[in-house]
Structures are given as C-alpha cells and as structure tokens.
There are 2 protein chains.
Amino acid sequence: MAVEESTMIDEVYSQVTDPKLVRERRSQIVAAAVKLFSEEGYYRTTIQKIAREARVSPGLIYQYVKDKDDVLYLSLKDIMDSYCHEIPLAQAGIGDPVARLEASVRAYCKVVDQRKTATVLAYRTSALLPQQRREAVKAMELKSNQLLSECISQGIEAGYFSPELNIEIATYQCVMFCHTWALKYWRLKAYCNLDQYLQQGLPSLLNALLSAAGRDHYDRLITT
Amino acid sequence: MAVEESTMIDEVYSQVTDPKLVRERRSQIVAAAVKLFSEEGYYRTTIQKIAREARVSPGLIYQYVKDKDDVLYLSLKDIMDSYCHEIPLAQAGIGDPVARLEASVRAYCKVVDQRKTATVLAYRTSALLPQQRREAVKAMELKSNQLLSECISQGIEAGYFSPELNIEIATYQCVMFCHTWALKYWRLKAYCNLDQYLQQGLPSLLNALLSAAGRDHYDRLITT
DNA sequence: TGCGGTTAAATGAACAACCATTCATCATAT
DNA sequence: ATATGATGAATGGTTGTTCATTTAACCGCA
C-alpha cells in the first residue's frame, strides 16, 4: 500500500521529500525560469518552455512546486538571496561604519551588475504574486536593506552620518543607486561602465549622508 | 457600396476616423486600462474587463486600437505625457539653471506622487511591448529626461554644476529620485510624506551636482 | 550475489479553462 | 438611404495542470 508523502520546503509544497534532491531540481528549474522570465516575461513563458530549457518534463516541475506562481516565487527568492549572500561577504572584517557602507554598496552594485536582467525581473514581476508571497518578497527586500541600514545607524551613532537623517530614506538612496544600474542600464551603458558609475555616484551618495565630522573622517579614509 | 476607412492616430491604427472622437474614446479606454493594469497586471486584465470598466463593449475597443498591446502602449504614452506636460509648467519663468532644476524635480515628484501606481506600471510593463513600441516608450522617457538634462547642461555652462559631471548619470540621479517615491512608496509611506522626502533628498541631490561656486549660488538662492 | 517486491521519481499526452479577436447585426445621424 | 459607429455572442488558439503509465532505485532474503 503506497503512502502519500509530501513536504513544505522553503514555504513551497513539494511531492518529493528528499531535501537534497528538491534543492537540486529546484535550482535547475529556477535557473531556466529566471532566464526565460527575464527574456519573455512571466506570462509568455510557459511551463512547457521552462521544462524544455531545464531539460525535464512539464510534469516534473509539478513534483517540486504547487503551481507556476511558486516557480516565480522561488525565482525572486533566488535573486534576493544573492544580494543577502554577497553583501555580508564584502562587509566581513570592516568595522568602520562609513567604510562598511561603501563596501556594501559596491558589493550590491556588483551583484546587480552580474544579474542585471534578474534585478529588473524582480521589479517587473513581484506584483504578480499572490498577496502572501508578495509579502514574503518584501520581507526579503527589507532583509537586504537592513545590511545597509545597520551601517547607517552605526555611522550616525559614531557621529559620522548626520543625526537628523531619516534612515529609511537614506537606505533607499543607497539601494536605488544600486538598482538604477540595472534599471537604466539600457541607457547608461552607452555613457559609462560600472566603475565610472560608481566613481561619479558613490562620493555624492555618501556626501548626502555624512556629517561635517564624517566628511573629515571620510577624507582621511580615502587618502590612506 | 461601403468604403473601408481607417487612420493612424498617434501611431496607432483606428477604424474610426473622426480625430476628436478617437481622442475621447481612447482616453476613456486608457483611463480604465491604466486602473486595471495597475491593480491586476497586464495579462490578468482582459479586454472584457477594460470594456466593462470603461462602459463600452469589447468590440468597440477594437474600433480604436489594433490589439491589446496598443492599449498598453497608449496607457504608457499617457503616463509619459503627463510627465512631459507637468514639468514644463513648473519651469516656466525660471531662468536660473539651479532653481530651474529644483523646480523641475519637485514637479516631477509631484506628478509621480499623483500617479504612483501608473509610474510603477511603466516599470512593470514596458518590456511586454513589441520591440518597436518599446523603443517608442524609451524615446518618451528620454524626452522627459531631457527636460532635466537641459537644466544640468546649462548649469554646467554657468559654472554652477561640476564640469566633469557625466550628464546622463546626473540626469538619472534626478529621475530616479523622483521614481523612487513611487517604486518604494509601499515602505516609505510609513516613514515620511512627500514633503519630508523632498526635504531630505533634494538638497543632497543638488549637492551631488553643484560645484563650489554653485554651492554658494544655491545658498544665496534658498536664503532669499 | 542475485532476485522479487515495493516505493519514489519522472514522463508527456490529454483536458479544461480562459480570453483576444472577429463579425454578423443593430443603431444613429446626416 | 447610406455610411459610420457600436454591440456582444461565438470561435479558435493557447497553456496550466493532471494523471495513467513507465523507469529506476532500494531493500530484505535466500
């Protein structure tokens, strides 16, 4: 007598129970999905196309997710996770809040640069998810934001950043500086590369946050 | 014997020839479409729903556009046009490049604020259009950008803005400051209103562009 | 080692729902 | 009368999802 098995893994229903296999197959599916969603959009991308691209059968996908929305959810999660993975790597070993924020923004821009179309995909498709999933994606965005906002808070406490800063606004000034590189790449690519973009944008971004004392501190940082 | 009539109006095919009627009906259709596209996304919004919302029959829509893509195109055009309409109104009578840029950004933010979901819609759906339409939308974006970049160029010539500025980057710093208000409103609304957003963001935005001489000039501007 | 027996995983053809678009028909104004 | 504008039911193509079936892996036992 067969026993019906099933699990939730990463909040997503799966018929298959072996966690290692689920991770493997899903990342195979997600890789194909992110590529096709980015190229053709969510609705034009059929499950059949994703299956073909991932070299599996359409039916297999439904062993690992409940529906097509779940594929999108896992795709966006994959993108957000790459932010949350890369930024802390860049922060490691940097204690000074100003230097830490600068390193974080650089790292953020670098992931965005490596995953430009995926970053744009997140803007295009988050709203297509059902309420609950959308909330989860927002929560992931906030988690990556926090990696920056922590630096800003610490910078304020240290007197380097202006004390009357609204931290949420300041955080989004940084986040959007990074995202803009992907969102407006279609235009900017004709005028600068990532290094030049950082070179012009980063100093003024930090300047927007720094206090008078912080400016001195920052000048000392970049000349050593 | 019936004579087949037809016209192109705003690059969009219409069976109906009377330009005034076309303008009226289309704006009726577009109003409904922008609302529904924003709420439910492009693909979930059926022509039937748009027709119901606009209080016309589904068939009528096809008297005024070739296909559903055209409805989206006209919707995005409507949004872009509102930028291109409002910004020049704010610029009228302001000669000083710095003051002119500030007024432009304020006006831009204000339209974005009034049409938040529409602004987000443009980000979500531009890529769904066929190549040629997408190019046209890009061209409209550039046209509104130009309203800002002209101020920046003039400001550089006048010595108020830093001469080594990359104008494209600088323009997008301004544009994205405005768009961010819509794109991240879901979060920012809990922390500030538009005035506070402008109060914190505008000075540092301008500071990013100003030269030393420009800073003096700007200080004089805001104290009078 | 080899061999039934059992379960998990994978397949892909078929189905049912959905929706953009058409068109035969009707209304209206000139 | 005639041409233009409006209607909305019908259609044809598309695609998410299911499920009957096949394949493969594993296990206990002789």
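Lettering follows sequence order; numbering is per chain, from 1. FYI, side chains are in, hydrogens and waters are out, and symmetry mates aren't considered; it's all heavy atoms of this structure.
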Original post:
Are R26(A) and Y64(A) in a cation-pi contact, defined as NZ or CZ under 6.0 Å from the six-membered ring centre and within 45° of the axis?
Top reply: no
**OP:** State, without any angle test, whether S104(A) and Q91(A) hold a side-chain donor-acceptor pair at a distance under 3.5 Å.
**Re:** yes
Original post:
Applying salt bridge (charged side-chain N to carboxylate O under 4.0 Å, His left out), which residue pairs with at least one partner in residues 77-90 of chain B are found, sequence neighbours left out?
Top reply: K77(B)-D81(B), D78(B)-R115(B)
Subject >> Whole angstrom value for the distance that separates P of dT17(D) from CD of Q15(A) >> reply: 15 Å
Original post:
Can you list, by residue number, the residues of residues 23-39 of chain A that have a non-hydrogen atom closer than 4.0 angstrom to DNA chain D?
Top reply: none
Subject >> E40(A)/K49(A) under salt bridge (charged side-chain N to carboxylate O under 4.0 Å, His left out): CA gap, chis, key distance, verdict >> reply: CA-CA 11 Å; E40(A) 323 201 355; K49(A) 283 187 196 169; 2.9 Å; yes
Subject >> CG on L89(B) to NZ on K110(B), rounded to 0.5 Å >> reply: 10.0 Å
Original post:
Has Q199(A) got more than 12 heavy atoms of other residues, nucleotides or ligands less than 6.0 Å from its CD?
Top reply: no
Original post:
Rounded to whole angstroms, how far apart are CG on D18(B) and C1' on dG5(D)?
Top reply: 11 Å
**OP:** Return the value, rounded to whole Å, for the distance between atom CG of D70(B) and atom C1' of dA20(C).
**Re:** 13 Å
Subject >> Cationic tip of K116(B) above Y185(B) ring, under 6.0 Å, 45° of axis >> reply: yes
Subject >> Contact residues, residues 44-69 of chain A to DNA chain D [heavy atom, < 4.0 Å] >> reply: T45(A), T46(A), I47(A), Q48(A), Y62(A), D67(A), K68(A)
Original post:
Is the Lys NZ or Arg CZ of K68(A) less than 6.0 Å from the centre of Y42(A)'s six-membered ring, within 45° of the axis?
Top reply: yes
